[in-house]
Each structure stands twice: as structure tokens, then as C-alpha cells.
Amino acid sequence: MLKNIKQSDILFIKPIRTYGCYFLCFAQASPIIFKGEEGIQRLNGIWTKATEDGLISGDINHDGDVDDDGEAEIQKATELARKYFNLNIKYDGIHHDGKELIPANVKLIIGQFWWKGGHFTIINRLKKVTFDSYGESNTVKNGYLKSMRFFYSD
């Protein structure tokens with residue numbers, strides 16, 4: 001769980017500040033408490049290690065950034081959730097349409113909102129945002145629920 005941490009915090013490494021919303025959803029859902037500056041440093045370390053482990057894509061084309069297609073993306077969500085966030089969940093690998101019904105046995109729902117780009121949040125069964133890593137992002141306020149990621153109990 002995140003306490004006193006927003007994605008925009010300057011202490012985060014740039015990939016998390018720019019692309020870390022999906023990652024921070026796992027941190028929020030985690031039983032591990034990430035609080036303040038110490039929590040941010042732990043999350044920076046997790047991102048770096050998970051990238052080295054191949055769970056998050058890095059600088060694929062070796063141009064010194066992670067701004068290109070396919071970069072800074074979670075490649076292995078189930079493994080990331082289990083290994084670094086102590087979450088016993090399994091991703092079904094499907095980008096479910098935002099209008100789809102949510103099965104009763106889904107434990108965690110990560111919704112992707114769309115407005116000038118995508119932004120991931122945690123949503124409940126009523127498709128209401130329960131966690132937004134920015135607090136109140138423009139993408140959620142002005143956008144729509146494009147897709148959902150379903151995670152089931154392991």
C-alpha cells in the first residue's frame with residue numbers, strides 16, 4: 001500500500017514518474033507498506049531490479065531513454081506482482097474491453113483509462129476508480145475506461 005506517495009513525486013526515477021501507473025497499482029494493492037521517501041526509494045529499486053529481471057521492458061533500442069514503443073512496459077505482470085509485491089494473483093493475459101462484465105472471482109481489477117493517452121488505475125466491480133497514482137488525473141476525469149486487466153487469486 002502506498003502512503004503519502006504520488007506518481008509525480010520528483011524522487012521517483014523518470015520511468016516511474018512517466019510510465020509507472022500500472023506498476024504503482026501493484027504497489028497500492030500490496031500488503032507491503034511503501035511510505036514517503038523511504039517507500040519511493042524502495043519502489044525505485046524494485047523497478048530497476050524488475051527491469052534487470054526482464055519483468056519490465058527497458059531501453060530496447062539502446063537510445064538512452066525508455067520513450068519508444070514497447071519500452072517501460074510490464075512484460076510479466078503475474079511474476080512482478082508475486083515476486084516484488086507479495087500478491088498471490090494471476091493475470092489472465094487479456095485486455096478486457098471496458099464495457100465487459102467483471103467476473104465474481106476477480107481479485108484485482110486494473111483499468112486503463114484513455115484521454116490523449118492511457119493511464120492505469122485500480123477500479124472496483126462498479127468500475128469506479130479506487131486508486132489513481134496521480135490522485136486525480138486528467139485522464140480519469142476527462143477520459144473513459146478503455147480496457148481492464150483481471151487478476152485472479154492464485
Side-chain angles (χ1 to χ4, degrees), residues 1-37 39-44 46-48 50-51 55-58 65-82 84-153:
M1 170 184 285
L2 299 178
K3 292 192 174 215
N4 302 317
I5 294 176
K6 298 277 189 257
Q7 185 176 345
S8 57
D9 195 300
I10 195 69
L11 296 176
F12 272 126
I13 56 177
K14 187 177 179 187
I16 295 176
R17 280 195 323 268
T18 308
Y19 305 107
C21 51
Y22 192 12
F23 174 81
L24 291 174
C25 286
F26 290 121
Q28 176 64 20
S30 175
I32 301 166
I33 295 174
F34 299 95
K35 184 176 179 182
E37 185 175 336
I40 290 172
Q41 294 307 324
R42 286 176 59 204
L43 290 164
N44 286 340
I46 290 170
W47 179 283
T48 301
T51 301
L55 305 181
I56 301 172
S57 60
D65 62 37
V66 289
D67 296 339
D68 304 298
D69 280 348
E71 296 180 335
E73 292 182 3
I74 295 176
Q75 302 295 307
K76 298 178 181 177
T78 298
E79 291 86 346
L80 178 72
R82 290 177 180 175
Y84 291 108
F85 295 107
N86 199 27
L87 292 167
N88 293 320
I89 56 177
K90 183 175 182 174
Y91 175 45
D92 67 5
I94 300 169
H95 297 189
H96 297 273
D97 186 89
K99 294 181 177 113
E100 191 173 320
L101 292 175
I102 300 168
N105 60 340
V106 173
K107 183 175 179 181
L108 173 65
I109 311 153
I110 298 181
Q112 183 189 41
F113 281 78
W114 194 263
W115 180 72
K116 298 184 181 181
H119 177 59
F120 290 98
T121 65
I122 296 176
I123 60 173
N124 64 20
R125 296 187 181 290
L126 301 174
K127 301 180 183 177
K128 302 294 181 196
V129 174
T130 60
F131 171 75
D132 181 340
S133 58
Y134 285 114
E136 290 186 27
S137 65
N138 285 328
T139 303
V140 171
K141 284 193 274 184
N142 300 313
Y144 68 96
L145 180 61
K146 180 178 180 179
S147 65
M148 300 176 289
R149 309 302 189 266
F150 294 162
F151 294 85
Y152 298 86
S153 293

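Only this structure's heavy atoms are used, side chains among them; waters, hydrogens and symmetry mates stay out.
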Q: Sorted by first residue and then second, give each side-chain hydrogen bond (donor to acceptor under 3.5 Å, both in side chains) pair with at least one member in residues 105-117; sequence neighbours left out.
A: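 Matches after skipping sequence neighbours: Q112-S147.
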Q.
With side-chain hydrogen bond (donor to acceptor under 3.5 Å, both in side chains) as the rule and sequence neighbours excluded, what pairs involving residues 24-35 come up?
A.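 Every pair satisfying side-chain hydrogen bond (donor to acceptor under 3.5 Å, both in side chains) with a residue in residues 24-35: there are none.
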How long is the straight-line distance from [atom2] of [Y] back to [atom1] of [X], given to the nearest 0.5 Å?
X    : Y   : atom1 : atom2 : answer
E100 : H95 : CD    : NE2   : 12.5 Å
L80  : I56 : CG    : CD1   : 5.0 Å
L2   : I32 : CG    : CD1   : 11.0 Å
S57  : E73 : OG    : CD    : 5.0 Å

Q: Identify, with sequence neighbours excluded, every residue that meets ring pair (Phe, Tyr, Trp, His ring centres under 6.0 Å) alongside Y22.
A: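 Counting only residues at least two positions away or on another chain, Y22 forms a ring pair (Phe, Tyr, Trp, His ring centres under 6.0 Å) with F26, F120.
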Check whether any side-chain heavy atom of [X] sits under 4.5 Å from a side-chain heavy atom of [Y], and report yes or no.
X    : Y    : answer
I110 : Y91  : no
L87  : F151 : no
F34  : I46  : yes

Q. Could you walk me through whether T121 and F131 pass the side-chain contact (heavy atoms from CB on, under 4.5 Å) check?
A. CA-CA 6 Å; T121 65; F131 171 75; 5.8 Å; no
Q | Donor-acceptor contact present, side-chain R125 to main-chain A104, <3.5 Å | A |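 It does hold such a pair.
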Q.
Test of understanding: with side chain to side chain donor-acceptor pair (under 3.5 Å), list the residues that count as partners of S137, not counting sequence neighbours.
A.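 Partners of S137 under the side chain to side chain donor-acceptor pair (under 3.5 Å) test: D132.
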Q: Heavy atoms only: give me the nearest L108-V106 pair and the separation to one decimal.
A: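 Minimum heavy-atom separation between L108 and V106: O-CG1, 3.4 Å.
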Q: Please test L55 against Y84 for side-chain contact (heavy atoms from CB on, under 4.5 Å), starting from the C-alpha separation and ending with a verdict.
A: CA-CA 10 Å; L55 305 181; Y84 291 108; 3.8 Å; yes
Residues in side-chain contact (heavy atoms from CB on, under 4.5 Å) contact with [X], at least two apart in sequence or another chain:
X    : answer
T130 : I122, N124
D92  : I94, H96, F150, Y152
K99  : D97

N/O donor-acceptor pairs under 3.5 Å from side chains in residues 7-17, not counting sequence neighbours:
residue : atom : partner : partner atom : Å
Q7      : OE1  : S133    : OG           : 2.5
Q7      : NE2  : I16     : O            : 3.1
Q7      : NE2  : R17     : O            : 3.2
Q7      : NE2  : Y134    : OH           : 3.3
D9      : OD1  : L11     : N            : 2.8
R17     : NH1  : I10     : O            : 3.4
R17     : NH1  : F12     : O            : 2.5

Q. With sequence neighbours excluded, what pairs up with R42 under the salt bridge (charged side-chain N to carboxylate O under 4.0 Å, His left out) test?
A.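 Residues passing salt bridge (charged side-chain N to carboxylate O under 4.0 Å, His left out) with R42: none at all.
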Q: Begin from the C-alpha positions of K127 and I102 and carry the test side-chain contact (heavy atoms from CB on, under 4.5 Å) through to its verdict.
A: CA-CA 9 Å; K127 301 180 183 177; I102 300 168; 4.0 Å; yes
